[in-house]
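Notes for the one structure printed next.
In what follows, chains carry the letters A, B, and so on, assigned in the order in which the sequence lines appear, proteins first and then strands, with residues in each chain numbered from 1. Quick caveat, the model's predicted, so the values are computed rather than measured.
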Number of protein chains: 2
Amino acid sequence: MSNQSDCCAPLAREPIAKDDAVEMARILKAVADPVRLRLLSLIAARDADTCVCDLLPDFDLSQPTISHHLKILREAGLIGSERRGTWVYSWVIPETLDRLSALFATSKAEV
Amino acid sequence: MSNQSDCCAPLAREPIAKDDAVEMARILKAVADPVRLRLLSLIAARDADTCVCDLLPDFDLSQPTISHHLKILREAGLIGSERRGTWVYSWVIPETLDRLSALFATSKAEV
DNA sequence: CGTCAATATTGACATACATCGATACCAGGA
DNA sequence: TCCTGGTATCGATGTATGTCAATATTGACG
């Protein structure tokens, strides 16, 4: 029943299936890091797409390290990225955030 | 402004503070594992408290390993546990689930 | 007490991960 | 066509993590 784009009822509703647990844990691993959580938040809190160069100054980390973290967020489907000339811009994919939010929802009543 | 029980606005609302990112990443690490996600779900989906002995048969893992995972969930504030005679029972702490759910909320409109 | 069943702790091990410096790749401009 | 600046990849390294077998702890019950 669960596919990529619409996976699993809230944790508290019914025991999550093994495969779904693997899939959601993959996404959760991507956000289970202070640096990536901040990167994601910086990108998500903007109205416009975010240039990587705007993110770097906020961290005491090397450019390769930030690039590495962005790749992990991208592979988890949490952000999208695109090169525009010299710069690379990123944006949030809200559907993936929604999946996480729904996963932890506790109100058993719903649609 | 943010304390333990009510930390940080949704990621997408404003850039998360460094300390909050560390704190939330700590909790997220606890759920970023397929086994712990299933444990949490099994416990959360029940009406009554869950005996550890009821959880073991669902996994192809040793008892010490399950015990280890439960400890991590406990230390993250996701579940509570209590010994009653021979058995140890666990229950979910919904406030912590709510914090996670709220963290990923995308609708900018709210209370 | 002494035993037994349920759970926790310890120590060891292999694997995964965050980070860096060095370097490669790309696109724009002289 | 060659530089230059922004970004990605690579290789190395130290640390964290998931797992187990062995053992300790806890509490119930003879």
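Within 4.0 Å (heavy atoms only), R74(A) reaches sugar-phosphate atoms of the nucleic acid but no base atom. In this structure, L61(A) reaches the sugar-phosphate backbone alone: every heavy-atom distance under 4.0 Å involves primed, P, OP1 or OP2 atoms, never a base.
In this structure, H68(A) places its NE2 atom 15 Å from P of dG21(C), rounding to the nearest Å. In this entry the distance linking CG of D33(A) with C1' of dA18(C) reads 8 Å, nearest Å. Atom pair Q63(A):CD and dC25(C):P shows a separation of 15 Å (rounding to whole Å applied).
Here T106(A) contributes atom OG1 and L100(B) contributes atom CG; the two are 10.5 Å apart, rounded to the nearest 0.5 Å.
In this structure, V52(B) and K29(A) both approach DNA chain C, and ranking their closest nucleotides by distance from the 5' end singles out V52(B). The 5' end of DNA chain D is approached more closely, in terms of each residue's nearest nucleotide, by T65(A) than by the other of D60(B) and T65(A).
Side-chain atoms of S90(A) and S81(A) form a donor-acceptor pair, as typed in the model, at a separation below 3.5 Å.
Of all nucleotides in DNA chain D, those with any atom nearer than 4.0 Å to a heavy atom of chain B start and finish, going 5' to 3', at dT17(D) to dA28(D).
Salt bridge present: E23(B) and R99(B) bring a charged side-chain N and a carboxylate O closer than 4.0 Å.
The closest side-chain heavy-atom distance from M24(B) to C8(B) is below 4.5 Å.
Heavy-atom neighbours of D19(A) CG from other residues, nucleotides or ligands within 6.0 Å: at or below the threshold of 12.
Taking hydrophobic clusters as Ile, Leu, Val, Met, Phe, Trp and Tyr residues chained together by side-chain heavy-atom distances below 4.5 Å, L39(A) does not share a cluster with I93(A).
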